[in-house]
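It should be emphasised that the depicted structure is a prediction, and the values quoted were computed from it without experimental measurement. Labels below follow one simple rule: chain letters A, B, ... track the order of the sequence lines, proteins then strands, and each chain is numbered from 1.
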Amino acid sequence: MENEKFAQIFLELASLLELAEDNPFKIRAYGKAAQSIESFSGSIEDIYKKGGLKALQEIPGVGQHIAEKIEEYILTNKVSAREKLLKQFPPKFLELLTIQGMGPKTAVMLRKKIGIDSVDKLAKAAKAGKLKGLAGMGEKKEQNILRGIELKEKSRGRFLLSEATDYAHALVEWLQKVKDIDKIMPAGSLRRGCETVGDLDILVTAKSSKKIMDHFVKFPEVAEVLAKGETKSSVVLKNGMQADIRVVPPASFGAAAHYFTGSKQHNIHLRELGVKKGLKVNEYGIFKGKNKIAGKTEEEMFKTFGFPFIPPELRENRGEWEAAQKNKLPKLIELKDIKGDLHIHSPATDGTDPIEKIAKVAKKLGYEYIAITDHTESTRVAGGLTEKEMLKHFEEIDKINSKIKGITILKGAEVDILPDGTLDYSNEVLKEMDIVLAAVHSRFKMPEKEMTDRICKALKNKYVKILTHPTGRLIGEREPYAVNLEKVLKVAADTGTHIELNANPHRLDLNDIYCHKAKELGVKVVIATDAHNADSLYLMYFGVITARRGWLEKKDVLNTLPLKNLLNLL
DNA sequence: GCCGTTTTCGGCCCGACTGTTTTCAGTCG
């Protein structure tokens, strides 16, 4: 069972307890546990099976009672506390909380007073004007609720990091037209490099904010203004994405940058440390009584508590504070460390740009090498080559290689792993290649054990050097196939095979958590774009930022090696 | 409900915006 499932259960329990007006700290404890479980690397279910309740309680935020609930769910597929609350607050009623502006207090009040127990009923009542006049409800609240319901229908949830990045750039460019702006910086999950982004957070420093707010809500992509205040405004863009802006004085830049970058749990940790030391931490600075003692830079924020700078990608409360305390933060990989791209398709199969053009862009990126790795026979939809065609294709690459100066083109292929775990090319052909990639492109719905065995068998082929897009997921479009990645990584460690972090923003596969796991197990990661045209080589950025989220350093990534060392290793 | 080199009991992060209020509750991030 996925960790996410457990996380959802505790998030739901937190909502249910809110409705029941239970102890707010208890509610927060459930929320905290949910977050901790979701980002836990390793399977919660395995932890329980190996170490029981005691092992579960090793997870931060999980104590006796939550551990017992996890146990109950594993054994009976139910949590009785949740079942009991769900009787009182059925799922349809719970859905009210997903509407912007509707919180537990309002939901409970509306049900008590006029029997509203679903979004449908709420919409009808609001349209009929039956809400105004109730406690704390007026004309505007009624309209806001209707708007919230509409917004929910339009909203697309989370967005790919790449899409959010594009909008953030456009918004920053728009804001730069205002005079008197000191700094503009996208913060939030975008700055942390999360694979999906819920909304854009833009931080601005300036002495006065009125003009900035006026200009912000006039951004041409704005569909609706949710709130507009003196220092903080929120809008919904035409694509359904929410964008928030916050203006603070220049002297508070560091504190605000830290605060608006998050994550929430990371921030709370710092504030709790503050409380223990008698300091108050907020978005304006660190305060001792009324005196501000830090806040101009992020470095200062960390230094005040004796920590080195923690890069944004690590701020998930996944051990970065402990590592910082011991001065054991990783020196994260950077884009400039990448020496080449090892997964590229050419027009020989489903790529669109000639190899010469790809090589030219790669040179511009400062690469020493690229690998052309086209599809093999079984991936017919992508025009996979037969062995004979592939060998002919290699002759073409040789010719281009001899013509082009300043970069080396490696010959390879993305070979299909057949359902029985064998490859669709013979070893005689594989040994002609500089680099062999292997991938699953068919029969995604195999049971976990079969899929795991299938992939592990392929890794044991001595010619296979890299497993590409290890789970086959497409973010928001296709679930990963059922595979025991931990087992795959262990086999990769044994066989000296490398694992791809596919940099395409739709894939980012391996994800951050398993990158970390790979590092722990001593498996080197290859960050590659899987480019089907020259422009896609620029997607390397998304791979690198994901690798940084997985705590990877230069030495953990294969394609940071200079050509000579790479060839030796292969 | 969790957690602890100031605690095994008594704490638990902090502030902005909105709308409906006569001083603040609810919601959000």
[X] vs [N]: side-chain N/O to OP1/OP2 distance below 4.0 Å:
X      : N      : answer
A:K69  : B:dG1  : yes
A:K280 : B:dG15 : yes
A:T106 : B:dT27 : yes
A:N144 : B:dG19 : yes
A:T231 : B:dC17 : yes
A:Y284 : B:dA16 : yes

Run through A:K132, A:K130, A:R147 and flag the one making a salt bridge (Lys or Arg N to Asp or Glu O under 4.0 Å) with A:E142.
A:K132
[N] [atom2] sits how many Å from [X] [atom1], rounded?
X      : N      : atom1 : atom2 : answer
A:Q325 : B:dT5  : CD    : P     : 11 Å
A:I70  : B:dG1  : CD1   : C1'   : 13 Å
A:K276 : B:dT5  : NZ    : P     : 7 Å
A:M137 : B:dG26 : CE    : P     : 13 Å
A:L273 : B:dC12 : CG    : C1'   : 13 Å
A:K152 : B:dC28 : NZ    : P     : 13 Å
A:I268 : B:dC2  : CD1   : P     : 17 Å
A:Q100 : B:dA16 : CD    : P     : 20 Å

DNA chain B-proximal residues of residues 161-170 of chain A, any heavy atom under 4.0 Å
none
Quick one: the side chain of A:N23 and the base of B:dG1, do they pair up donor-acceptor inside 3.5 Å?
yes
Taking NZ, NE, NH1 and NH2 as the nitrogens, is one of them in A:E45 or A:K49 under 4.0 Å from a carboxylate oxygen of the other?
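A salt bridge links A:E45 with A:K49.
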Answer yes when A:K292 and A:E300 have at least one side-chain N-carboxylate O distance shorter than 4.0 Å, and no when they do not.
no
Pick the closest DNA chain B nucleotide for A:R271 and for A:L97 by heavy atoms, then say which residue is nearer the 5' end.
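Nearer the 5' end of the strand: A:R271.
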Please classify B:dT21 as syn or anti, treating any glycosidic angle within 90° of 0 as syn.
anti
State, without any angle test, whether A:E68 and A:Q64 hold a side-chain donor-acceptor pair at a distance under 3.5 Å.
yes
Any side-chain donor paired with an acceptor under 3.5 Å for A:H266 and A:E316?
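Not at all, the side chains of A:H266 and A:E316 share no donor-acceptor pair under 3.5 Å.
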If you look at every strand shown and take non-hydrogen atoms under 4.0 Å, does A:P60 touch a base, only sugar-phosphate, or nothing?
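Answer is sugar-phosphate: A:P60 comes under 4.0 Å of backbone atoms only.
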Looking at every strand, decide which applies to A:I99 at a 4.0 Å heavy-atom threshold: base, sugar-phosphate, or nothing.
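Contact class for A:I99: sugar-phosphate only.
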Ignoring hydrogens and angles, tell me if any N or O in the side chain of A:R507 forms a donor-acceptor pair with the backbone of A:T471 under 3.5 Å.
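No; zero donor-acceptor contacts below 3.5 Å.
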Using atom types as modelled and distance alone, determine if a side-chain donor or acceptor of A:S36 lies under 3.5 Å from a backbone N or O of A:K32.
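Checking the backbone N and O of A:K32 against the side chain of A:S36, no donor-acceptor pair under 3.5 Å is found.
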For the rings on A:F307 and A:W321, is their centre-to-centre separation under 6.0 Å?
yes
